[in-house]
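Report on one structure; see the data block that follows.
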Amino acid sequence: MNAPIKKIVLPVAGLGTRFLPATKAIPKEMLPVVDKPLIQYAVEEALEAGIEDIILVTGRNKQVMEDHFDHAYELEKILQEKGKDEALEVARSMLLEEGRISYVRQMRPLGLGHAIWCARKLVGNNPFAVALPDDLIKGRPGALKQMVEAYNELGGNMVATMNVSREDTSKYGVITPGDHTKNRIVVGGLVEKPHPDDAPSTQAVVGRYILQPEVMDHLNKKAVGAGGEIQLTDAMAELIGQQPFHAIEFDGTRFDCGSKIGWLMANLSLATEDPTLASEVERLITFR
Ligand code: G1P
């Protein structure tokens, strides 16, 4: 039987320069989509997938995320006194049992692969998931649950992928696809941000992964790849041929909330699903 996925690493150390000045004093992962910060969507998706331990790889100026997952005593007391039970419930909704959420710092911005490597002691010798909170995925069930279900059958390593236009391959990790069964593709190769002329396919990796602990051995080499950074994609590529490796074409919509347009689209899309906002938002969109 495949060891169950009980841990997730959420890299949240990035500077968020594309959202300045909004991200000068708050982390980009705390930007709200409708009424919840991005990081909360990622944690909720992980919990839905049965994941128990949440590991945040943080950096300087990210402490507010620890507060987000903790009690806000003053706020809770005031809401209680005023009898605002609904608001109180929302304020308390993200409180995990102590010990289930851990924080480790990436002290230098050396790339996504380095960020994941920073969590190696907390991950230990267990398979684990990774989610990039910038990639907000709307799916029922969520993308991580879809992947965990596939993993329970297939084992090994997994990336979520979607088809992109060829000119966009240079923004993503891209797979060399092998056999395709339903939405599962055997991964024959992986390359980070290839030029459209060199891309092996248009199946692009979005920010959801299931990885075996051996990926840490490859990250340990600290090899520098695309963009002068230590790339997760390069370490994953080393596992191909050693362990099973599949891509899952997930069912859902992904919003790149690291970009302004992706974040705006996520807000509009989720707002149209909120019964308290839908009709106003639809009116706004059709007025142009
Ligand atoms: C990262 C990964 C890339 C992946 C992308 C998905 O890139 O390195 O392989 O396709 O996330 O969002 P980034 O967007 O951080 O440059």
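Atoms within a ligand are numbered from 1 in the order they appear, just like the ligands themselves.
Residues Gln40 and Glu44 bring a donor and an acceptor atom of their side chains to less than 3.5 Å of each other. Side-chain polar atoms of Glu214 and Gln243 form a donor-acceptor pair below 3.5 angstrom.
Protein neighbours of ligand 1 below 4.0 Å, counting non-hydrogen atoms: Leu112, Leu132, Asp135, Tyr172, Gly173, Glu192, Lys193, Val205, Val206, Gly207, Tyr209, Gln231, Thr233, Arg254.
For the pair Arg283 and Glu280, the salt-bridge criterion is met [side-chain N within less than 4.0 Å of a carboxylate O].
Side-chain heavy-atom separations under 4.5 angstrom define the hydrophobic clusters, and Val186 shares its cluster with no other residue.
For residues 129-148, the pairs satisfying side chain to side chain donor-acceptor pair (under 3.5 Å) are Lys28-Asp134, Asp135-Arg254, Lys138-Ser269, Lys138-Glu273, with sequence neighbours left out.
Annotation: side chain to side chain donor-acceptor pair (under 3.5 Å) contacts of Lys84 (sequence neighbours excluded): none.
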